[in-house]
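These notes are about the structure you will find just below.
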Amino acid sequence: QVQLVESGGGLVQPGESLRLSCAASGFTLDKYGIGWFRQAPGKEREGVACIGGSHGSTYYVDSVKGRFTISRDNAKNTVYLQMNSLKPEDTAVYYCAADHWAYSGQYYCKSGSLDHWGQGTQVTVSS
């Protein structure tokens, strides 16, 4: 059974950091396109950070460039999103996703067209 499970969300103050994890099971993430998306209340889902398939290009939405880093650990079959200098506007439910095709990171983040999705983890940034 293909599954993605996110963890690591929580409540933090502005300026603090969080690391989200996304553990995959039922398939091997290596060479998959992967991405982190978020959705705030009343807003559309947004692609935050994505890596293209077959170890392709990495894309970040402008609002997180220099603060967020997407990475994967193939040995653990896990994807991470390191989030630094968090802002209240980063508050959202964060989802990870994976796709077996080899599209670019920018394509994945802008289209949201990925095969497999996790259930999401809440990130709240508030003082």
Q: Run the ring-centre check on F27 versus H116 and record whether the distance is less than 6.0 Å.
A: yes
**Q.** Closest heavy-atom pair and its distance - V48, V64
**A.** O-CG2, 3.7 Å
(Q) Applying side chain to side chain donor-acceptor pair (under 3.5 Å), can you list everything that pairs with T124, at least two apart in sequence or on another chain? (A) Q122
(Q) Test your reading of the model: is there a side-chain donor-acceptor pair from Y60 to the backbone of I70, 3.5 Å cut-off? (A) yes
Q) What distance separates Y103 OH from C109 SG, expressed to the nearest 0.5 Å? A) 15.5 Å
(Q) For the backbone of D115 and the side chain of D99, can you confirm whether one donor and one acceptor N or O come within less than 3.5 Å of each other? (A) yes
Q.
Under the rule for salt bridge (charged side-chain N to carboxylate O under 4.0 Å, His left out), what residues qualify as partners of K65, not counting sequence neighbours?
A. D62
All N/O donor-acceptor pairs, side-chain side in residues 33-43, below 3.5 Å, sequence neighbours left out:
residue, atom, partner, partner atom, Å
W36, NE1, Y80, O, 3.3
R38, NE, E46, OE1, 2.8
R38, NH1, D90, OD1, 2.9
R38, NH1, Y94, OH, 2.9
R38, NH2, E46, OE1, 3.2
R38, NH2, S63, OG, 3.4
Q39, NE2, K43, O, 3.1

Q. Which pairs pass side-chain hydrogen bond (donor to acceptor under 3.5 Å, both in side chains) with one or both residues in residues 12-28, sequence neighbours excluded?
A. S17-N84
Q. Do W101 and Y107 come within less than 4.5 Å of each other through their side chains, counting heavy atoms only?
A. no
Q.
If the condition is side chain to side chain donor-acceptor pair (under 3.5 Å), which residues does N74 pass it with, not counting sequence neighbours?
A. D30
Q: Identify the heavy atoms of A49 and L81 that sit nearest to each other, and give their distance.
A: CB-CD1, 4.0 Å
Q. Apart from V5 itself, what residues make up its hydrophobic cluster when side-chain heavy atoms of I, L, V, M, F, W and Y under 4.5 Å apart count as a link, directly or indirectly?
A. none
